[in-house]
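To start, the structure itself, in structure tokens.
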Amino acid sequence: SFTAALRTYADLAVTAVDVPASASSGSDINVGWTVKNNGGADATSATGWVDRIVLSRDDVIGNGDDVVLGEVAHGAALAAGASYSQTATVRIPTRIDGAYKIAVVSDATAKVVEPDTRADNARLSAAIAITQTYADLVPTLSVVPSEVFAGRSAHVEWSVRNAGTVATDVNRWVDQVYLSSTTGLT
């Protein structure tokens, strides 16, 4: 004789993701989300689980264009039918622009036993318009000689200001001085 019993499991589902409608690259934004246990059993793990925040150009989470913005640990059990809301501050990468989406993936490292119910562990936000920020170093000559002679040194002074929208993302660079018979370099 054979006896079978139905076993219930947890089912963590991200039910809401809240992000701003726009952001600048390199800036910090707040991401809010809600996770509900739709299963018939408590969601437990000896070490807890993590909710992963991912930036994506498309609607596919887990492909090559995704950038992990952060992970938030959740250490307490979640009773069947219960939910929790979380907020995290994450930094948008520099040098990007366009329409992106942010996804939250609950239990991203699969610590909670939830067979056949992982399809609702992730949720995408509405599109977020990201404006690219940039550094723009502009040199200004302040002291130049009226004439220079071949084979001799000349004294030149200049300053550099950043006319861009953010600080440079490097702390060292090299300035070069060129002698030209025209007003521009080609």
Query raised in the report: Backbone N or O of Leu78 within a donor-acceptor pair of the Asn37 side chain at under 3.5 Å?
Result: yes
Query - Thr34 side chain reached by Tyr84 side chain, heavy atoms, under 4.5 Å - result: no
**Report entry** Atom pair CG/CD1 of Leu55 and Ile92 - distance to nearest 0.5 Å
**Finding:** 5.5 Å
Residues 95-104, side-chain donor-acceptor partners within the protein, below 3.5 Å, at least two apart:
| unit_1 | atom_1 | unit_2 | atom_2 | d |
| --- | --- | --- | --- | --- |
| Arg95 | NH1 | Asp169 | OD2 | 2.8 |
| Arg95 | NH2 | Asp169 | OD1 | 3.2 |
| Arg95 | NH2 | Asp169 | OD2 | 2.8 |
| Lys101 | NZ | Asp59 | OD1 | 2.7 |

Requested in this report: Could you grab the distance from atom NZ of Lys36 to atom OG of Ser106, nearest 0.5 Å is fine?
Outcome: 14.0 Å
Query raised in the report: Which pairs with one or both residues in residues 1-15 pass salt bridge (charged side-chain N to carboxylate O under 4.0 Å, His left out), sequence neighbours excluded?
Result: none
Report summary line: Between the CG atom in Asp107 and the OG atom in Ser45, the distance rounded to the nearest 0.5 Å is 7.0 Å
Report summary line: ring-ring contact (aromatic ring centres under 6.0 Å, His included) pairs touching residues 36-71, sequence neighbours excluded, are Trp49-His74
Requested in this report: Sequence neighbours left out, what pairs pass ring-ring contact (aromatic ring centres under 6.0 Å, His included) with at least one residue falling in residues 53-72?
Outcome: none
Requested in this report: Please collect all salt bridge (charged side-chain N to carboxylate O under 4.0 Å, His left out) contacts where either partner lies in residues 142-166, sequence neighbours excluded, each pair once.
Outcome: none
Query - Polar side chain donor-acceptor pair, Ser56 to Asp66, under 3.5 angstrom - result: yes
Report task. Evaluate the side-chain proximity of Val105 to Arg123: yes if any heavy-atom separation is below 4.5 Å, no if none is. Result -> no
Query raised in the report: Considering residues at least two apart in sequence or located in another chain, which fulfil the salt bridge (Lys or Arg N to Asp or Glu O under 4.0 Å) criterion with Asp51?
Result: none
Report task. Assess the side chains of Gln176 and Tyr178: does a donor N or O sit below 3.5 Å from an acceptor N or O? Result -> yes
Query - Other ILVMFWY residues reachable from Leu137 by side-chain steps of under 4.5 Å - result: Leu141, Val144, Val156, Trp158, Val160, Val170, Trp173, Val177
Report task. Answer yes or no: is there a donor N or O on one side and an acceptor on the other, between the side chain of Ser180 and the main chain of Thr182, under 3.5 Å? Result -> yes
Query - Heavy-atom closest pair, residues Ala88 and Val72 - result: CB-CG2, 3.8 Å
**Report entry** side-chain contact (heavy atoms from CB on, under 4.5 Å) involving Thr165 - partner list, sequence neighbours excluded
**Finding:** Thr133, Tyr134
Requested in this report: With sequence neighbours excluded, give me every salt bridge (charged side-chain N to carboxylate O under 4.0 Å, His left out) pair touching residues 133-145.
Outcome: none
Report summary line: When rounded to the nearest 0.5 Å, the distance separating OG of Ser85 from CG of Asp18 is 10.0 Å
Requested in this report: Could you name each residue pair satisfying salt bridge (charged side-chain N to carboxylate O under 4.0 Å, His left out) that touches residues 69-79, not counting sequence neighbours?
Outcome: Arg52-Glu71
Requested in this report: Could you tell me the separation between the CZ atom of Arg91 and the CD1 atom of Ile29, rounded to the nearest 0.5 Å?
Outcome: 11.5 Å
Report task. Please name all residues satisfying side-chain contact (heavy atoms from CB on, under 4.5 Å) with Ala167, sequence neighbours left out, ordered by chain then number. Result -> none
Report task. Could you pull out all residues at least two apart from Thr89 that satisfy side-chain contact (heavy atoms from CB on, under 4.5 Å)? Result -> Asp28, Asn30
